[in-house]
Amino acid sequence: MIFDFDTSANRLMEAINSSTCAFTAADEAMRKLEQAGFLELKLNEEWIIQRGKGYFVNVYDSSVFAFKVGREFDKGMLRVAAAHTDHPCLYIKTSPEMTTKGYGKVNVEVYGGAILNTWLDRP
């Protein structure tokens with residue numbers, strides 16, 4: 001399989017543009033999960049899950065978690081992967097367009113407790 005940079009970049013830009021905060025990021029994630037065949041479970045209802053199916057849960061409209069039950073699921077098996085969409089993050093400032101040495105830039109500000117030194121050693 002050949003990596004298609006343009007398609008991947010466009011998909012990333014669509015995700016970024018439709019995920020402007022935790023609420024819209026959760027909404028976008030749920031939309032993509034539904035497209036992939038995942039079924040929604042409600043926090044306040046009994047869950048009936050089946051092997052071989054994927055599920056997601058909307059948590060107060062600002063978070064979502066998803067899981068898939070393997071076809072060979074055994075009650076002693078569990079694998080977890082996690083990510084988050086909340087802060088710290090970079091907020092785009094009002095009137096963000098900037099130009100430095102002929103390059104266009106977007107002016108941002110750090111929000112939350114970003115650990116910036118982990119990124120300063122990268123080109």
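Just the heavy atoms: all of them, side chains too, but no hydrogens, waters or symmetry mates, feed the values below.
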Please determine whether side chain to side chain contact (heavy atoms under 4.5 Å, CB included) holds for the pair F67 and V69, giving the CA-CA distance in whole Å, both sets of side-chain angles, and the decisive distance to 0.1 Å. CA-CA 7 Å; F67 62 95; V69 181; 4.0 Å; yes
Side-chain donor-acceptor contacts of residues 43-50 below 3.5 Å, not counting sequence neighbours, with atom names and distances?
{"from": "W47", "atom 1": "NE1", "to": "K42", "atom 2": "O", "distance (Å)": "2.8"}
{"from": "Q50", "atom 1": "OE1", "to": "K53", "atom 2": "NZ", "distance (Å)": "3.3"}

Would you mind writing out the side-chain donor-acceptor pairs for residues 94-106 within the sub-3.5 Å range, not counting sequence neighbours?
{"from": "T100", "atom 1": "OG1", "to": "K105", "atom 2": "NZ", "distance (Å)": "3.3"}

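The list of salt bridge (charged side-chain N to carboxylate O under 4.0 Å, His left out) pairs with a residue in residues 56-72, not counting sequence neighbours, is empty. Pairs of residues two or more places apart, or lying in two chains, that qualify as salt bridge (charged side-chain N to carboxylate O under 4.0 Å, His left out) and include a residue from residues 11-31 are E28-R31, E28-K32.
One hydrophobic cluster, built from ILVMFWY side chains closer than 4.5 Å, holds both L41 and V59. Under the 4.5 Å side-chain heavy-atom criterion for ILVMFWY residues, a single connected hydrophobic cluster contains both Y60 and Y55.
Contact between S62 and A26 at its shortest, heavy atoms only, is C-CB, 3.8 Å.
From L33, atom CG reaches atom CG of L39 across 10.5 Å, with rounding to the nearest 0.5 Å. Summarising the geometry, atom CZ belonging to F56 is positioned 4.0 Å from atom CD belonging to E34; distances are rounded to the nearest 0.5 Å.
Residues satisfying the side chain to side chain donor-acceptor pair (under 3.5 Å) test with S19, not counting sequence neighbours, are none. Scored by the side-chain contact (heavy atoms from CB on, under 4.5 Å) test, T24 finds T20, C21 as partners (sequence neighbours excluded).
Atom CD1 of I92 has 12 or fewer neighbouring heavy atoms from other residues, nucleotides or ligands inside a 6.0 Å radius.
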